[in-house]
Amino acid sequence: MIHYVTSFVVPLPLDRTFAYVSDFRHSVWDPRVSKATKVTDGPVGLGTSFLLVSPLLPGLAIDLPYEIVGYEPSDRVCLEGKVWFMRYHDEITLTEQSEGTRLQYDAKLWLRSLLRGGEPLARGLFER
């Protein structure tokens with residue numbers, strides 16, 4: 001398993017921060033994401049699906065489907081997905097603080113099948 005955790009303070013109120021980060025169309029801030037779209041209708045919530053495009057090499061990208069599997073407004077959102085060679089789980093937890101909102105981002109990625117042996121190399125790329 002590849003595991004990455006980070007935490008930082010966002011200088012915005014809890015409800016605004018949650019609305020922004022739970023809508024994964026905003027995940028293009030991540031340098032590993034070049035495009036993000038919402039693929040289900042209706043408001044963002046439990047069961048909402050997104051499709052992120054992640055460049056692997058120049059001219060080569062992969063589509064990463066995500067679905068919200070945990071949704072606790074203003075507190076926590078969990079998203080999961082899988083492609084043929086990996087599965088992944090992202091959890092974003094928010095806590096109100098005097099200076100704004102503390103955001104903790106916890107990402108886990110599991111390579112599947114024969115690719116598991118490449119986890120040390122993938123871990124270095126993922127954490128960069």
Side-chain angles (χ1 to χ4, degrees):
M1 174 183 64
I2 299 164
H3 189 201
Y4 174 76
V5 178
T6 190
S7 178
F8 51 89
V9 174
V10 178
L12 292 171
L14 186 65
D15 58 340
R16 285 186 53 201
T17 303
F18 182 83
Y20 187 84
V21 300
S22 63
D23 186 338
F24 240 40
R25 288 176 288 190
H26 297 129
S27 62
V28 294
W29 55 265
D30 185 332
R32 294 170 299 230
V33 176
S34 60
K35 183 178 178 184
T37 56
K38 183 172 170 271
V39 296
T40 51
D41 293 329
V44 171
L46 195 61
T48 300
S49 293
F50 301 92
L51 183 65
L52 279 58
V53 177
S54 181
L56 295 175
L57 300 168
L60 179 63
I62 185 164
D63 290 346
L64 299 172
Y66 275 87
E67 180 181 344
I68 294 179
V69 296
Y71 189 81
E72 299 168 24
S74 297
D75 292 327
R76 180 177 154 271
V77 62
C78 296
L79 300 102
E80 291 184 347
K82 66 180 176 179
V83 292
W84 69 271
F85 66 93
M86 68 177 171
R87 67 183 175 92
Y88 38 90
H89 176 93
D90 293 5
E91 181 171 343
I92 301 167
T93 306
L94 304 172
T95 309
E96 190 170 28
Q97 301 209 320
S98 60
E99 62 274 13
T101 302
R102 172 153 304 278
L103 184 150
Q104 178 172 309
Y105 179 72
D106 186 335
K108 296 179 178 111
L109 182 146
W110 296 266
L111 293 179
R112 300 172 77 186
S113 190
L114 299 175
L115 296 176
R116 283 190 199 129
E119 280 190 0
L121 174 62
R123 185 176 296 114
L125 294 172
F126 187 71
E127 291 173 351
R128 248 186 344 161

- Task: Report yes if some heavy atom in the side chain of Leu12 is under 4.5 Å from a heavy atom in the side chain of Tyr20; otherwise report no.
- Result: no
- Please examine the side chains of Val77 and Leu79, heavy atoms only from C-beta on, and report whether any two atoms are closer than 4.5 Å. yes
- Task: Return the minimal non-hydrogen interatomic distance between Ala19 and Ser22, and the atom names on each side.
- Result: O-OG, 3.5 Å
- Query: Is it the case that one hydrophobic cluster holds both Leu94 and Val69, taking links as side-chain heavy atoms less than 4.5 Å apart, direct or via other members?
  - Reply: no
- Identify the heavy atoms of Ser27 and Leu52 that sit nearest to each other, and give their distance. OG-CD2, 3.3 Å
- Check whether any side-chain heavy atom of Phe18 sits under 4.5 Å from a side-chain heavy atom of Thr101, and report yes or no. no
- Item | Transitive ILVMFWY side-chain link Tyr88 to Val5, under 4.5 Å | no
- How long is the gap from CZ on Arg102 to OG1 on Thr17, to the nearest 0.5 Å? 12.0 Å
- Pairs touching residues 38-64 that satisfy ring pair (Phe, Tyr, Trp, His ring centres under 6.0 Å), sequence neighbours left out: none
- Message: Do the side chains of Arg87 and Glu80 get close enough for a salt bridge, i.e. N-O under 4.0 angstrom?
- Response: no
- Verify whether one side chain among Asp106 and His3 offers a donor that lies under 3.5 Å from an acceptor in the other. yes
- Item | ILVMFWY cluster, Leu111 and Leu60 together (side-chain gap under 4.5 Å) | yes
- Do Val53 and Leu57 share a hydrophobic cluster, counting only Ile, Leu, Val, Met, Phe, Trp and Tyr and linking them when any side-chain heavy atoms are less than 4.5 Å apart? no
- Task: Mind listing the closest non-hydrogen atom pair of Ala107 and Asp90 along with its distance?
- Result: CB-OD1, 3.7 Å
- Sub-4.5 Å side-chain heavy-atom contact between Val33 and Phe24: no
- Close aromatic pair by centroid cut-off 6.0 Å: Phe8 and Tyr105: no
- For the side chain of Thr40 and the backbone of Ser49, is there at least one donor-acceptor N/O pair under 3.5 Å apart? yes
- Message: Is any side-chain heavy atom of Val21 closer than 4.5 Å to one of Val10?
- Response: no
- Message: Nearest 0.5 Å, please: how far is CD in Glu67 from OG1 in Thr48?
- Response: 8.5 Å
- State, yes or no, whether a side-chain contact exists between Trp110 and Lys82 at a heavy-atom distance under 4.5 Å. no
- Message: Let me check something: do Val83 and Ile68 share a hydrophobic cluster, defined by ILVMFWY side-chain heavy atoms less than 4.5 Å apart, either directly or through other members?
- Response: yes
- Can you list the residues that meet the salt bridge (charged side-chain N to carboxylate O under 4.0 Å, His left out) rule with Asp30, with sequence neighbours excluded? Arg32
- Message: Is the shortest side-chain heavy-atom distance between Ile92 and Leu103 below 4.5 Å?
- Response: yes
